[in-house]
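A, B, ... follow the sequence lines: proteins, then strands. Residue 1 opens every chain.
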Amino acid sequence: MGVNLRDILERDEIRLDSLAGKRVGVDAFNTLYQFLSTIRQKDGTPLMDSKGNVTSHLSGIFYRNVRLLEHKLLPVYVFDGEPPSLKEDTIKERKERKEEARKKWRAAIVAGDLDRAKTYSQATSQLDKKMIDESKKLLDVLGIPHVQAPSEGEAQAAYMCKKSEINVVASQDYDSLLFGSPILVRNITISGKRKVPRRNMYVRVHPEKMVLQEQLERLGISLENLIEIAILTGTDFNPGIKGVGAKTALKVIKKDGFEAAIEKYDFQVDPYAVKKIFTNPETTDDYKLSWGFPDEEKAIELLHEKHEFSRERITNALSKLEEATGSRDQTSLDSW
DNA sequence: CTAGGGTA
DNA sequence: TACCCTAGG
């Protein structure tokens, strides 16, 4: 998934409340896949209504965003559009891996190994058009804006952040930094202990932030260099050089530069074409950001009447939210 | 993932 | 109250 720059980037722990009043551009696909993979039953079956429609993503969107709004964040979801053609191999590979995981999931169920079943099931998550459309509809119901990117969502979010139309980009992946996003936040709302699967262990997970300029200064490189490092280690658009991780790539780029690295290593994809995706991505100005109040009636219609969520849980969540945000009226909300 | 109920 | 576990759809 994305680029692996973890080994050279430093993360600052933050509190969710430090994002109060901030416009947070959320990588929608990244978030939806997370919900689809984690919100599952013991044997790995996702949540579904009685007609067999998967509802894990709707559950995730609903509770996550009620929580974000309670903390006074202003989320805007940025959806992926058409992937660049260089992503085709990655997409194909992911599809194959999902089919493989699906087989292993079935086998684990037959063997009665629930832990393994759940682990494999998590790698099978697929988003279809209906799920994407319904996710957008639920965001509408919650009064949360969404933007349709022409191509990569992270590129669009980075563009909006550069223009200061949003304050930060939220994603688990680091790609938005390569697209020039000034600030990336990870683990939004995830706080406290989380169980490590298959092990009787817990890890503490906190929201964290990275400021692009600070990272570059600390590493003594330019954004262009960071992109070059990513290309050496591998991105969604090229396989990268075997045996070269972020730390080695950093050394190579700082010592010899990109040209020399291209001479030295055997690239299967034109590294300049990959570079161009990050330096000159497709973006749009065709969006409007405005936040409204959640519509309880419509939430009940979509989640309870259509997908059989508990009515009480929905009304509970929304009235708690109203308590937290009740002092604002519609006009002040728009200028949040 | 989060909510909510059970337990120390 | 703090933590743990499980259901949710």
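For the pair Phe62(A) CZ and dT2(B) C1', the computed distance is 11 Å after rounding to whole Å. Across the protein-nucleic acid pair, Tyr63(A) atom OH and dA7(C) atom C1' stand 11 Å apart, rounded to whole Å. Summarising the geometry, the separation between NZ on Lys118(A) and P on dG8(C) is reported as 14 Å, rounded to the nearest angstrom. Whole-Å rounding puts the Leu318(A) CG to dT2(B) P distance at 16 Å. dA3(B) atom C1' lies 7 Å from atom NZ of Lys320(A), rounded to whole Å. dG8(C) atom C1' lies 18 Å from atom CZ of Arg311(A), rounded to whole Å. Atom CD1 of Ile314(A) is separated from atom P of dA7(C) by 20 Å (rounded to the nearest Å). With rounding to whole Å, Asp115(A) atom CG is found 13 Å from dC5(C) atom P.
Counting only distance, with no hydrogens or angles, the side chain of Thr235(A) and the backbone of Ile231(A) share no donor-acceptor pair below 3.5 Å.
Taking the centre of each ring, Phe278(A) and Phe237(A) come in below the 6.0 Å mark.
Within 4.0 Å (heavy atoms only), Ile190(A) reaches sugar-phosphate atoms of the nucleic acid but no base atom. Across all strands, Gln34(A) comes closer than 4.0 Å to no nucleic acid atom at all (heavy-atom distances). Thr55(A) comes within 4.0 angstrom of the backbone, heavy atoms only, and of no base. Note on Asn316(A): only backbone sugar-phosphate atoms sit closer than 4.0 angstrom, heavy atoms only; bases stay farther off.
Checking Ser310(A) against Arg204(A), the closest nucleotide of DNA chain C that is more toward the 5' end is the one next to Arg204(A).
The side chain of Ile39(A) has dC1(B) as its nearest neighbour among dT6(C), dG9(C), dC1(B).
No more than 12 heavy-atom neighbours from other residues, nucleotides or ligands sit within 6.0 angstrom of CZ on Arg15(A).
Put simply, Asn65(A) has no side-chain N or O that comes within less than 4.0 Å of OP1 or OP2 on dT2(B). Taking 4.0 angstrom as the limit, Thr189(A) places a side-chain polar atom (N or O) nearer than this to OP1 or OP2 of dT2(B). The phosphate of dA3(B) has OP1 or OP2 within less than 4.0 Å of a side-chain N or O from Arg67(A). The side chain of Arg313(A) places no N or O atom within less than 4.0 Å of a non-bridging phosphate oxygen (OP1 or OP2) of dG8(C).
Ion pair Glu301(A)/Lys306(A) not flagged as a salt bridge, since none of the NZ, NE, NH1 or NH2 atoms sits closer than 4.0 Å to an Asp/Glu carboxylate oxygen.
The shortest side-chain heavy-atom distance between Leu289(A) and Met160(A) falls under the 4.5 Å cut-off.
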